[in-house]
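In the text below, chain A, chain B and the rest are named by the order of the sequence lines, each starting its count at 1.
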Protein chains: 2
Amino acid sequence: MDANPVFKALADATRRKLLDRLRASNGQTLGELCEPLDMSRQAATKHLVILENAGLVVAVWRGREKLHYLNPVPIHEIYERWIGKFERQRLRALHDLKKQLEDPS
Amino acid sequence: MDANPVFKALADATRRKLLDRLRASNGQTLGELCEPLDMSRQAATKHLVILENAGLVVAVWRGREKLHYLNPVPIHEIYERWIGKFERQRLRALHDLKKQLEDPS
DNA sequence: GTTACATGCAACCATTTGGTTGCATAATGC
DNA sequence: GCATTATGCAACCAAATGGTTGCATGTAAC
């Protein structure tokens, strides 16, 4: 997996909002997704394409409608391969701090 | 916390590399950090300022040297407040899939 | 005190990003 | 069939991004 497109896709607040809205209600059409955003349909489409290219959203056609589904796997992989390392470092630091407070010699 | 600067900071491969290098060896000077990058010192400085503004890096001065320390807390908060929600959705989907495979009625 | 070193600051530049508008295409409904 | 609806495609634009270079400043070393 190439993590860079995923990080790039997550860097925009509008795109994170789209993911949040898909998490709340999966399988929405393009029209449903971009209706509450205060930007043009075409702008929202561009964001969704970026999310699709990152693998975060999968779209299927039903007639003239395009249904969008959330794919949480890339976010999971980011966590597993990258964020997890920093979590372990953080927990180690907390542990060391605790030891230091218990035995300030 | 404002999550947006953190996501933005993580969106660049050079900055993620800097965080990785700080995780491997904390407290490095600016010179040490930007030496192995194939860009000018000033370019690397800009990246470090972005990391500092996002709270991911904390710098302290020692004489004429600026020492950089990793702060894993913002990454932890991103995980807690945002990624965790998608993880729960992912685990639920896996669980449903498992049930479906066990009882395909 | 002078030289060298570590870093900051500012101007500048090309590319990317995030938005717009206008028009095209294909499926649906009457 | 024809109007409507859902979406795609392309050109264009302003602002942000990521880089450069040149010079300034403060600390360390001799």
Can any side-chain N or O of A:Glu65 pair as donor or acceptor with the backbone N or O of A:Gly31 at less than 3.5 Å? no

Under 4.5 Å between any side-chain heavy atoms of B:Leu70 and B:Val58, yes or no? no

Carboxylate-amine/guanidinium proximity below 4.0 Å for A:Asp12 and A:Lys17: no

Say whether A:Leu18 and A:Val73 are linked into one hydrophobic cluster, either directly or through other cluster members, by side-chain heavy-atom distances under 4.5 angstrom. no

What are the 5'-most and 3'-most nucleotides of DNA chain D lying under 4.0 Å from any heavy atom of chain B? D:dT17 to D:dA28

Distance-only donor-acceptor pairs under 3.5 Å for side chains of residues 38-47 of chain A, two or more places apart:
unit_1  : atom_1 : unit_2  : atom_2 : d
A:Ser40 : OG     : A:Ala43 : N      : 3.2
A:Thr45 : OG1    : A:Arg41 : O      : 2.8
A:His47 : ND1    : A:Arg15 : NH1    : 3.1

Where do A:Ala11 and B:Lys8 come nearest, in terms of heavy atoms and distance? O-NZ, 3.1 Å

Which ones in residues 38-50 of chain B lie close to DNA chain D, meaning a heavy atom under 4.0 Å from one of its atoms? B:Met39, B:Ser40, B:Gln42, B:Ala43, B:Lys46, B:His47

Main-chain N/O of A:Leu56 paired to A:Asn71 side chain as donor or acceptor, under 3.5 Å: no

For the pair B:Lys66 and B:Glu52, evaluate salt bridge (Lys or Arg N to Asp or Glu O under 4.0 Å) and give the outcome as yes or no after the intermediate values. CA-CA 12 Å; B:Lys66 191 179 185 183; B:Glu52 284 181 56; 3.2 Å; yes

The residue, A:Asp12 or B:Glu65, whose nearest nucleotide of DNA chain C is more 5′ is B:Glu65

Which residues end up grouped with A:Tyr69 if you chain together Ile, Leu, Val, Met, Phe, Trp and Tyr wherever their side-chain heavy atoms are less than 4.5 Å apart? A:Val60, A:Leu67

Expected output: side-chain A:Glu32 to main-chain A:Thr29 donor-acceptor under 3.5 Å: yes

Under a 4.0 Å heavy-atom cutoff, the residues of residues 56-64 of chain B touching DNA chain C are B:Trp61, B:Arg64

Between A:Gln28 (side chain only) and A:Arg21 (backbone N and O only), is there a donor and an acceptor less than 3.5 Å apart? yes

Spacing between A:Lys66 atom NZ and C:dT25 atom C1', to the nearest angstrom: 15 Å

Which residues in residues 21-31 of chain A have a heavy atom closer than 4.0 Å to any atom of DNA chain D? A:Thr29, A:Leu30, A:Gly31

Classify the ring geometry between A:Tyr79 and B:Tyr79 as parallel (under 30°), tilted (30 to 60°) or perpendicular (over 60°). parallel

Is the shortest heavy-atom distance from the side chain of B:Asp20 to the side chain of A:Phe86 under 4.5 Å? yes

